[in-house]
Asker: 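My questions will all concern the structure given below.
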Amino acid sequence: MFRLDRCSRLLTVRGFTCSVRSRSQLKLTEKCITQLKKVATDGDALRVCVDGGGCSGYQYKFSVDHEIHEDDILVEVDGVKVLVDLVSLDTLKGSTIDYVDELIRSAFVVSHNPNAEQNCSCGVSFSLK
């Protein structure tokens with residue numbers, strides 16, 4: 001299904017090959033890792049995807065999932081897993097996934113996305129550069 005060539009860092013999915021540098025393409029904060037260890041059961045991963053919608057054109061969606069789809073990239077850091085589909089990965093390259101615990105909400109968030117030009121005030125939607 002997936003083949004990661006460690007020397008060239010290429011991922012092959014259904015015959016499609018793309019360059020993958022998981023750790024440099026997606027960063028996780030310590031708060032994100034700590035919270036994932038609390039909520040994820042054995043085999044669970046945080047799924048991060050980008051979807052059309054929101055007040056700025058695109059929005060981030062987070063869910064806990066245990067199923068790896070054919071077009072997913074699996075990123076493992078310090079014992080936690082994050083799943084990103086290939087389409088969303090292009091938009092999320094270089095992003096930082098964080099966990100915020102505020103008075104009004106507690107949630108996983110994208111705290112820095114170098115590909116986003118404008119974020120809405122809620123921090124959920126954005127537009128691309």
Side-chain angles (χ1 to χ4, degrees):
M1 188 185 308
F2 298 110
R3 188 182 83 235
L4 182 61
D5 182 336
R6 293 185 186 268
C7 297
S8 62
R9 295 186 180 201
L10 295 178
L11 176 78
T12 302
V13 181
R14 293 174 128 194
F16 174 77
T17 303
C18 65
S19 174
V20 175
R21 283 177 233 107
S22 302
R23 289 188 179 222
S24 63
Q25 289 185 358
L26 198 61
K27 299 170 189 78
L28 306 179
T29 65
E30 287 300 319
K31 288 177 13 181
C32 175
I33 292 169
T34 300
Q35 186 62 22
L36 266 174
K37 287 180 178 180
K38 290 179 186 176
V39 300
T41 59
D42 194 32
D44 283 346
L46 178 67
R47 179 173 294 282
V48 183
C49 67
V50 175
D51 203 3
C55 54
S56 296
Y58 294 93
Q59 60 188 344
Y60 303 112
K61 291 193 175 181
F62 297 90
S63 62
V64 176
D65 199 346
H66 62 274
E67 190 174 323
I68 299 176
H69 301 137
E70 291 182 357
D71 66 339
D72 283 341
I73 301 297
L74 173 64
V75 178
E76 290 186 80
V77 178
D78 197 20
V80 299
K81 299 174 185 176
V82 177
L83 296 170
V84 182
D85 63 88
L86 288 172
V87 174
S88 296
L89 184 64
D90 278 341
T91 306
L92 291 168
K93 281 182 186 172
S95 294
T96 301
I97 309 298
D98 196 4
Y99 182 79
V100 295
D101 191 8
E102 301 169 339
L103 184 60
I104 59 171
R105 74 177 175 149
S106 298
F108 292 101
V109 297
V110 175
S111 61
H112 172 72
N113 183 345
N115 306 301
E117 182 174 58
Q118 181 178 1
N119 294 316
C120 85
S121 61
C122 69
V124 174
S125 67
F126 64 98
S127 62
L128 292 173
K129 289 183 178 177

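For clarity, every value in this text was computed on a predicted model and none was experimentally measured.
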Asker: Which heavy atom in A45 sits nearest to a heavy atom in V82, and how many Å separate them?
Answerer: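 Smallest interatomic distance, heavy atoms only, reads CB-N, 4.3 Å.
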Asker: Before accepting this row, confirm whether a basic side-chain N of the pair K31/D101 lies closer than 4.0 Å to the acidic partner's carboxylate O.
Answerer: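 Salt bridge flag = no for D101 with K31.
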Asker: Within the side chain of S88, is there an N or O that forms a donor-acceptor pair under 3.5 Å with the backbone of V84?
Answerer: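 No: the side chain of S88 does not pair with the backbone of V84.
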Asker: What's the separation between atom NZ in K81 and atom CG in D72, rounded to the nearest 0.5 Å?
Answerer: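 If I round to the nearest 0.5 Å, the distance is 12.5 Å.
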Asker: Treating R47 as the side-chain partner and D85 as the backbone partner, does any N or O pair qualify as donor plus acceptor under 3.5 Å?
Answerer: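 Checking the backbone N and O of D85 against the side chain of R47, no donor-acceptor pair under 3.5 Å is found.
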Asker: Of all the heavy-atom pairs spanning V75 and L26, show the shortest one and how long it is.
Answerer: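 Nearest heavy atoms, V75 then L26: CG2-CD2, 4.4 Å.
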Asker: Using every non-hydrogen atom in the two residues, find where C32 and I97 come nearest and quote the distance to one decimal.
Answerer: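 Looking at all heavy atoms of both residues, the shortest contact is CB-O, 3.5 Å.
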Asker: As an exercise, state the distance from CG of D44 to CG of L36, rounded to the nearest 0.5 Å.
Answerer: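 Output value for this atom pair is 9.5 Å.
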Asker: Would you compute the distance between atom OH of Y99 and atom OG1 of T34 and round it to the nearest 0.5 angstrom?
Answerer: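 Those atoms lie 11.0 Å apart.
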Asker: With H112, which residues qualify under side chain to side chain contact (heavy atoms under 4.5 Å, CB included), at least two apart?
Answerer: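 In terms of side chain to side chain contact (heavy atoms under 4.5 Å, CB included), with neighbours along the sequence ignored, H112 is linked to T96, P114.
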Asker: Does the side chain of L83 reach to within under 4.5 Å of the side chain of V48, using non-hydrogen atoms?
Answerer: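 Of all side-chain heavy-atom pairs linking V48 with L83, none is under 4.5 Å.
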Asker: Rounded at 0.5 Å granularity, tell me how far CG in L86 sits from CD1 in I73.
Answerer: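 The CG atom of L86 sits 4.5 Å away from the CD1 atom of I73.
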Asker: Quick check for you: to the nearest 0.5 Å, what is the distance between E76 atom CD and D78 atom CG?
Answerer: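 Going from the CD atom of E76 to the CG atom of D78 covers 11.0 Å.
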Asker: Distance check, rounded to the nearest 0.5 Å: L46 atom CG versus Q35 atom CD?
Answerer: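 Taking CG in L46 and CD in Q35, the distance rounds to 10.5 Å.
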Asker: List the steps and the verdict of side chain to side chain contact (heavy atoms under 4.5 Å, CB included) for V50 and Y60.
Answerer: CA-CA 5 Å; V50 175; Y60 303 112; 4.2 Å; yes
